Q: 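Attaching a single structure in structure tokens format; questions to follow.
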Amino acid sequence: MPPSLSLQQRFTVLDRLLTDNRRYWQLRSFELMTPPWQHTALQSWLLSLSQQDRQRLLLDDLQRAHALAPFISDAETLVQRCQLETVIQPTSKAASDSTQQSAPAWLSYHIPGRKWSQIQAFDRALHDTDRPFVEWCAGKGHLGRLLAYRHQQPVTSLELQAALCQQGQHLADQRELPCRHHVVDVMTTAASELLHPSQHAVALHACGKLHIQLLIEGVKRGVEAISLSPCCYHLIDQSSYQPLSRIAADSALQLSRDDLSLALQETATAGAREQRLRQRQRCWRLGFDLLQRQIRGIDHYLNCPTIPQSRLSGNFEQFCRWMADRKQLTLPSGIDFDHFEQHGQQRVIDNERIELVQQLFRRPLELWLALDRALYLQQHGYHVRLEQFCDRQLTPRNLLIQAHKTNELCGHPP
């Protein structure tokens, strides 16, 4: 997106594009028994694609937009409006010192390689690193230890799980790092009271209502700097999304939790085994859906519980019996499980065609949500930047909101 556009202008453009094209993305593909665009040129084109074609287009934003442009006039515009600068250079005096350019190996102990790379990229992108940090939803405090070491600042780490806090404190104490872990629910007043104006609050991939709480309480407490990489937008208490900023609240776009899930539906970092299990789960869930509709005599999707990975190691019949037990359904004798599994596989293919179109709107929706957060901070006296802190191959959740109180309003949020 052109850097000359303000945050509000960016939001307005994306809001119009998403609103005008709602019929292409604001739907639940797994509930549909028939494709939504029957007897159209778009549907004919989707049917002509091989599985290899679908997978190739799902993984390439530019090719997908170009291929869909004959059917969706805004396709290429959507991709163009989602371009953001990627920030990788450190800015603090400590981080720029030649002795601090690379973190020692011991800091990465106990951290999976991809996660460690994400933490390093997040740190390198940070501005205003010359003040104490508060780490929101810290887990074991892996990010906090890196910040304490690289920027020579104390870190207050907030985490709900006591075991994670204990492990994190132990790791920090081993290296005499100035990290203090607190066992606290970030949704409570006890956590808010640990926020102070002089701090820099950071959150890497904090989920849904947890990172929203940081924004709201950070504003109330006048926290001087906030750096946030949002994740799991759909993990909220309400059935529909409640916008934070005034401009988003005035939008005609109404988002359900299912709509919010679209912002996360990307498999750029999924391994081959993970993708196979995901395909099996979808096939079996959709096959069971057909079976339950027949048993209940109700042609409506039945929400399913979270499926543990262990349930995908057996066969389809075992899966159906386990699922029926969870939904308190009695399976009659003589079920042709092969029939339902085959139809489940066909529905997976139908879903992939629908999702190929929906994916065109995934990043625009994610940016819409991130901009709502950025604009909320802006309207409360912060100077805000929205950037990418790493390439999407490292993590698709690579958006970074960086906010700093302006001098004239510092310490006095509206």
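Just so you know, these numbers come straight off a predicted model, no measurement behind them.
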Q: Among S117, S229, C390, find the one that has a side-chain contact (heavy atoms from CB on, under 4.5 Å) with F122.
A: S229
Q: With no hydrogens and no angle check, is any side-chain donor or acceptor of Q292 less than 3.5 Å from a backbone partner on K327?
A: no
Q: Hey, does the side chain of E224 reach the backbone of A201 with a donor-acceptor pair shorter than 3.5 angstrom?
A: no
Q: Does one side chain, of W116 or Q120, offer a donor that lies under 3.5 Å from an acceptor on the other?
A: yes
Q: Take R56 and Q63, measure what side-chain hydrogen bond (donor to acceptor under 3.5 Å, both in side chains) needs, and give me the verdict at the end.
A: CA-CA 9 Å; R56 173 177 54 82; Q63 284 194 41; 2.6 Å; yes
Q: Report yes or no: is the cationic atom of R280 (NZ for Lys, CZ for Arg) closer than 6.0 Å to the six-membered ring centre of W284, at no more than 45° off its axis?
A: yes
Q: Output the distance between atom CD (Q393) and atom CZ (R114), rounded to the nearest 0.5 Å.
A: 8.0 Å
Q: What orientation do Y24 and W37 show, parallel under 30°, tilted 30 to 60°, or perpendicular over 60°?
A: tilted
Q: Looking at L394, is its backbone amide N or carbonyl O close enough to the side chain of Q118 to form a donor-acceptor pair, meaning the two atoms are under 3.5 Å apart?
A: yes
Q: If we ignore angles and hydrogens, is there a donor and acceptor under 3.5 Å between the side chains of T77 and D74?
A: no
Q: Check ring pair (Phe, Tyr, Trp, His ring centres under 6.0 Å) between H142 and all other residues, then give those that pass, not counting sequence neighbours.
A: none
Q: Where do G344 and L290 come nearest, in terms of heavy atoms and distance?
A: N-CD1, 4.3 Å
Q: So do V357 and L42 actually touch side chain to side chain, heavy atoms under 4.5 Å?
A: yes
Q: Could you tell me the separation between the CD atom of Q275 and the CD atom of Q279, rounded to the nearest 0.5 Å?
A: 8.0 Å
Q: Would you say the side chain of C283 lies within less than 4.5 Å of the side chain of L286, judging by non-hydrogen atoms?
A: no
Q: In terms of heavy-atom contacts, does CZ of R293 have more than 12 from other residues, nucleotides or ligands at under 6.0 Å?
A: yes
Q: Please report the interatomic distance SG(C231) to CG(L264), rounded to the nearest 0.5 Å.
A: 6.0 Å
Q: Quick one about H151 and D123 (side-chain donor to acceptor, distance below 3.5 Å, no hydrogens or angles considered), yes or no?
A: yes
Q: Ignoring hydrogens and angles, tell me if any N or O in the side chain of R362 forms a donor-acceptor pair with the backbone of A263 under 3.5 Å.
A: yes
Q: Are L367 and L84 packed together at the side-chain level, in the sense that at least one heavy-atom pair is separated by less than 4.5 angstrom?
A: yes
Q: Which atom pair, heavy atoms only, marks the closest approach of D128 to H200?
A: O-ND1, 2.8 Å
Q: Using side-chain heavy atoms (C-beta onward) and a distance below 4.5 Å, is L18 in contact with W25?
A: yes
Q: Looking only at the aromatic ring of each residue, does the gap between the centers of F30 and Y301 stay below 6.0 angstrom?
A: yes
Q: Checking E135 side chain against S157 main chain: does a donor-acceptor pair fall under 3.5 Å?
A: no
Q: Using atom types as modelled and distance alone, determine if a side-chain donor or acceptor of S261 lies under 3.5 Å from a backbone N or O of R257.
A: yes
Q: Measure across P132 and Q153 and return the closest heavy-atom pair with its distance rounded to 0.1 Å.
A: N-OE1, 3.5 Å
Q: Do L400 and L386 have side-chain heavy atoms sitting under 4.5 Å apart?
A: no
Q: Just so I know, are the side chains of V183 and E159 near enough to count as touching, which here means a heavy-atom distance under 4.5 Å?
A: no
Q: Could you tell me the separation between the CZ atom of R145 and the NZ atom of K140, rounded to the nearest 0.5 Å?
A: 9.0 Å
Q: Does atom NE2 of H196 have more than 12 heavy-atom neighbours, drawn from other residues, nucleotides or ligands, at distances under 6.0 Å?
A: yes
Q: Salt bridge check, D20 against R16: does any charged N sit closer than 4.0 Å to a carboxylate O?
A: yes
Q: Has R296 got a side-chain atom pairing as donor or acceptor with L329's backbone, closer than 3.5 angstrom?
A: no
Q: Return the minimal non-hydrogen interatomic distance between L312 and L277, and the atom names on each side.
A: CD1-O, 3.8 Å
Q: By the salt bridge (Lys or Arg N to Asp or Glu O under 4.0 Å) test, which pairs, at least two apart or in different chains, include something from residues 334-349?
A: D289-R347
Q: With sequence neighbours excluded, tell me which residues meet side-chain hydrogen bond (donor to acceptor under 3.5 Å, both in side chains) with R363.
A: E366, Q388, N398
Q: Which pair of heavy atoms, one from W368 and one from L14, lies closest together, and at what distance?
A: N-CD1, 4.2 Å
Q: Does E76, at its CD atom, have more than 12 non-hydrogen atoms belonging to other residues, nucleotides or ligands within less than 6.0 Å?
A: yes
Q: Find the distance between CD (Q167) and CG (L171) and round it off to the nearest 0.5 Å.
A: 7.5 Å
Q: Could you check whether the rings of F316 and F319 sit parallel, tilted or perpendicular, using 30° and 60° as the cut-offs?
A: parallel
Q: Nearest 0.5 Å please: distance from the CG atom of L253 over to the OG1 atom of T19.
A: 4.5 Å
Q: Locate the shortest heavy-atom distance separating V202 from F133; write the atom from each residue and the value.
A: CG1-CD2, 3.9 Å
Q: Do the side chain of Q238 and the main chain of S240 share a donor and acceptor less than 3.5 angstrom apart?
A: no
Q: Kindly indicate, with the supporting measurements, whether the criterion side-chain contact (heavy atoms from CB on, under 4.5 Å) is fulfilled by L244 and L375.
A: CA-CA 8 Å; L244 297 173; L375 288 164; over 6 Å; no
Q: Does some side-chain heavy atom of R81 sit less than 4.5 Å from a side-chain heavy atom of R10?
A: no
Q: Apply side-chain hydrogen bond (donor to acceptor under 3.5 Å, both in side chains) to the pair H211 and R373, showing each step before the final yes or no.
A: CA-CA 10 Å; H211 74 245; R373 287 146 176 76; 2.8 Å; yes
Q: Using atom types as modelled and distance alone, determine if a side-chain donor or acceptor of T188 lies under 3.5 Å from a backbone N or O of V184.
A: no
Q: Is any side-chain heavy atom of L369 closer than 4.5 Å to one of L255?
A: yes
Q: Quick one: do E352 and R54 make a salt bridge, cutoff under 4.0 Å?
A: yes
Q: So, R397 side chain and H205 main chain: donor-acceptor pair closer than 3.5 Å or not?
A: no
Q: Quick check: are there more than 12 heavy atoms from other residues, nucleotides or ligands sitting under 6.0 Å from CZ of R28?
A: yes
Q: For Q51 and I349, what are the C-alpha separation, side-chain angles and deciding distance, and is it a side-chain contact (heavy atoms from CB on, under 4.5 Å)?
A: CA-CA 8 Å; Q51 182 178 12; I349 295 172; over 6 Å; no
